[in-house]
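This structure is a prediction, so every number in the text was calculated from the model and none was measured. So you know, we letter chains A, B, ... as the sequences are listed, proteins then strands, and number each from 1.
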2 protein chains.
Amino acid sequence: MCYALAVEALQALADPTRRELIGLLAGGERTAGELAARFPVSRPAISRHLRVLRESGLVSVRADGRERHYALDPEPLRRLDEWLEPYRDLWAQRLDALETEIARGRRARTRREPT
Amino acid sequence: MCYALAVEALQALADPTRRELIGLLAGGERTAGELAARFPVSRPAISRHLRVLRESGLVSVRADGRERHYALDPEPLRRLDEWLEPYRDLWAQRLDALETEIARGRRARTRREPT
DNA sequence: GTGATGCGTAACTCATGTGTTACGCATTAG
DNA sequence: CTAATGCGTAACACATGAGTTACGCATCAC
């Protein structure tokens with residue numbers, strides 16, 4: 001019943017830059033500098049983003065000389081996945097309803113956002 | 001490659017009150033008043049949260065007289081689920097690594113948050 | 001030792017977000 | 001018609017967040 005804590009990471013994932021960092025780290029360990037070089041913002045800004053990700057448990061750091069190697073920790077994502085689970089039924093249901101409509105011969109338009 | 005857009009809803013889900021609203025709506029349609037009554041904040045505050053959820057596609061509204069019935073739309077959650085997919089391998093890998101450790105006879109502590 | 005490099009933190013500014021109260025508008029009750 | 005109800009919006013206050021530059025502190029190169 002600790003759903004609130006289980007999805008603390010959502011706050012961290014709300015920022016697009018941080019999601020991109022996560023995406024980069026999914027490819028393997030990177031140093032702070034390597035990561036910062038990929039973004040149009042200043043290095044301290046990335047440093048702060050990395051701190052947020054660290055504090056929410058999404059990444060871990062390994063000091064190596066004067067370099068800091070960041071790595072993705074998938075645990076919070078796994079928990080998010082778990083949090084999502086009760087909702088899976090809902091879209092399954094919806095798909096079922098859709099299939100029913102199709103079975104009835106109705107025209108089933110797939111909803112697609114215009115923008 | 002439109003991952004950024006696919007997870008727009010993360011911004012909406014970052015707020016705990018909105019997540020709770022989502023949770024309530026998972027149980028079925030509710031009116032704005034019914035929802036607002038459940039929270040310690042003012043009704044206009046909830047109204048604004050509902051607006052955010054509406055704009056991110058997480059809920060839909062149906063006007064019925066002077067009542068507004070809100071319902072959960074699971075589509076953005078489904079997309080979030082999709083976004084999560086590439087990362088599933090990561091925690092699967094980690095579990096594999098863990099099993100390997102166990103097979104080696106090492107002590108494998110399950111990580112558990114103290115709070 | 002001395003200077004360059006890698007990276008985090010501090011201090012500050014500006015934009016955004018979340019809460020409040022006051023209000024308006026439509027709908028139902030009498 | 002008149003009053004009450006349900007709910008959204010406007011206007012404002014305050015907290016939070018993300019960016020910047022300046023700085024400090026290790027570590028590596030020489």
Checklist entry - Measuring from A/T17:OG1 to A/H49:NE2, what's the distance to the nearest 0.5 Å? => result 4.5 Å

Item to check | Atom pair CG/CD of B/L58 and B/E75 - distance to nearest 0.5 Å | outcome: 10.0 Å

Next on the checklist: Between A/E34 and A/R38, is the salt bridge (Lys or Arg N to Asp or Glu O under 4.0 Å) condition met? List the steps.
Outcome noted: CA-CA 7 Å; A/E34 284 170 347; A/R38 300 269 205 140; over 6 Å; no

Value in whole Å for how far the [atom2] atom of [N] lies from [atom1] of [X]:
X	N	atom1	atom2	result
A/D64	D/dC28	CG	C1'	12 Å
A/R43	D/dA18	CZ	P	18 Å
A/R48	D/dG17	CZ	P	10 Å
A/R51	D/dG19	CZ	P	14 Å

Checklist entry - What are the two closest non-hydrogen atoms of B/V61 and B/R68, and how far apart are they? => result CG1-CB, 3.8 Å

Item to check | Minimum heavy-atom distance between A/Y70 and A/V59, given as atom pair plus value | outcome: CD2-CG2, 3.9 Å

Checklist entry - Just checking A/F39: base, sugar-phosphate only, or nothing, at a heavy-atom cut-off of under 4.0 Å? => result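 No contact.
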
Checklist entry - Base, sugar-phosphate alone, or nothing: which one does B/A45 contact when heavy atoms must sit under 4.0 Å apart? => result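 Contact class for B/A45: base.
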
Checklist outcome for this item: Heavy-atom nearest nucleotide on DNA chain D taken for A/R18 and for A/R66; more 5' hit belongs to A/R18

Item to check | chain A contact limits on DNA chain C, taken 5' to 3' with a cut-off of 4.0 angstrom to heavy atoms | outcome: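 Terminal contacting nucleotides, 5' to 3': C/dA4 to C/dT9.
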
Checklist entry - Going hydrophobic residue to hydrophobic residue with side-chain gaps under 4.5 angstrom, can you get from A/V52 over to A/I22? => result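 Different hydrophobic clusters.
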
Checklist entry - With respect to the phosphate group of D/dG17, does any side-chain polar atom (N or O) of A/H49 fall under 4.0 Å of OP1 or OP2? => result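 A/H49 to D/dG17 OP1/OP2: no side-chain N or O under 4.0 Å.
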
